[in-house]
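Working notes, structure below.
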Amino acid sequence: MKFYKGYIFDMDGVLYLGDEVIQDAIEAINLLKSKDRKVMFMTNNSSKLSSEYKAKIKEIGVTSVEENEVITSGDVAAIYLKKELQANPDKKNILCVCSDAVKVLMRQIGMNVIDPKDYKNAHYVIASITTDFNWEIGNYAANAIAVYGAKFIGTNPDVAKPVPNGEIFAGTGAIIKFIETASQTKATIMGKPYPEIYNAVLQRMEMEKTDALMVGDLLNTDIKGASDFGMDSAFVLTGLDKREDIQRYGITPTYVIESLMELLNF
Ligand SMILES: [Mg+2]
């Protein structure tokens, strides 16, 4: 395997699977860091702040990790909307159909988080995972977009994820679909497999796309996104997708690995 200057790790299914830590992965990451490789952690999950993920990554055994080495789809939305705000400083009203973490990020960049009942004055609608979603807020959001011209941003497209009891947990993508369907307007999505998050992570790393490797367990997000973006990828079999899924999805990773220790075979 090629020795890259930088490595971007998806988290769930790569560093841990549910509550179970994948020890090989932690060891490999610590070894890469000891060889002065730049390491980033990237997740579509915007329910927590990067500071909270940093604490978790440290707790599971990565010896050194900085807050700016973690990027969530919420952080990418903040980077994107900060630029929008710089271009149009008077457009700062945002209707949040999202977690408290994303609301914190929106306030940090100077957005005015409005009461959803004030939807007629929204310049932006942002959707991300929230268990407070209901018809009323979905309808406010759809009206803000379809009738009052608000721009529609989604943090990530994940529709549902499996949970330990064998059921599924409906995700951000399901909330986005409700608002898209009602407003007949497509959201601009920040997370994998869309390019915005790959651009943001490379900018943080101060690297070209050819210098970095994306390591993930999901073919249609981590690996498809890297491949569409023109970045090499390693598909690791410790997560949800299996080797057979490569053919099923028709998505070809640069490498297929069983353990992150294989990243050290250069
Ligand atoms: Mg994953």
Side-chain angles (χ1 to χ4, degrees), residues 6-29 32 39-50 52-54 56-57 59-62 65 69-76 99 101 128-129 154-164 166-174 189-198 200-201 212-229 231-246 248-249 251-263:
Y7 294 81
I8 306 159
F9 296 100
D10 169 50
M11 292 164 60
D12 204 354
V14 176
L15 308 188
Y16 46 82
L17 194 60
D19 290 336
E20 204 179 316
V21 179
I22 302 167
Q23 291 302 340
D24 264 15
I26 307 301
E27 196 183 337
I29 288 165
L32 286 169
V39 167
M40 287 287 297
F41 302 95
M42 173 162 124
T43 177
N44 266 3
N45 192 334
S46 60
S47 64
K48 293 193 186 85
L49 293 167
S50 39
E52 296 171 270
Y53 282 115
K54 177 203 147 181
K56 178 168 181 164
I57 293 165
E59 191 188 303
I60 63 175
V62 174
V65 52
E69 291 171 329
V70 182
I71 195 162
T72 73
S73 62
D75 294 325
V76 183
S99 62
S128 83
I129 188 62
T155 53
N156 59 293
D158 309 56
V159 286
K161 65 175 180 188
V163 285
E167 296 187 353
I168 57 167
F169 181 86
T172 303
I189 299 181
M190 301 291 123
K192 299 172 279 185
Y194 296 94
E196 211 67 47
I197 196 166
Y198 295 88
V201 79
L213 180 72
M214 174 72 216
V215 185
D217 71 311
L218 291 184
L219 287 162
N220 58 8
T221 58
D222 306 314
I223 307 303
K224 180 183 190 308
S227 157
D228 289 352
F229 193 73
M231 188 188 286
D232 284 358
S233 62
F235 169 42
V236 61
L237 299 170
T238 49
L240 295 174
D241 284 348
K242 303 296 162 214
R243 201 182 285 272
E244 309 82 83
D245 294 321
I246 294 174
R248 192 158 68 88
Y249 288 115
I251 295 164
T252 311
T254 316
Y255 311 99
V256 183
I257 57 176
E258 284 176 9
S259 155
L260 261 52
M261 289 303 284
E262 290 173 54
L263 299 176

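In this chain, numbering begins with 1 at the start of the sequence shown. In each ligand, atom 1 is the first atom listed, and ligand 1 is the first ligand listed. Keep in mind it's a predicted model, so treat the numbers as computed, not measured.
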With sequence neighbours excluded, residues passing side chain to side chain contact (heavy atoms under 4.5 Å, CB included) with [X]:
| X | result |
| --- | --- |
| Glu196 | Val76, Tyr80, Met190 |
| Lys56 | Tyr16 |
| Ala101 | Leu49, Ser99 |

Salt-bridge test for Lys192 and Asp10: reply yes if a basic N is under 4.0 Å from a carboxylate O, no otherwise. yes
Does Tyr249 OH have over 12 foreign heavy atoms under 6.0 Å away? yes
Let's go through Thr43 and Asn45 carefully: what are the C-alpha distance in whole Å and the side-chain angles of both, what is the deciding distance for side-chain hydrogen bond (donor to acceptor under 3.5 Å, both in side chains) to 0.1 Å, and is it a yes or a no? CA-CA 5 Å; Thr43 177; Asn45 192 334; 5.3 Å; no
Could you count the protein N, O or S atoms found under 2.8 Å away from the Mg ion (ligand 1)? 3
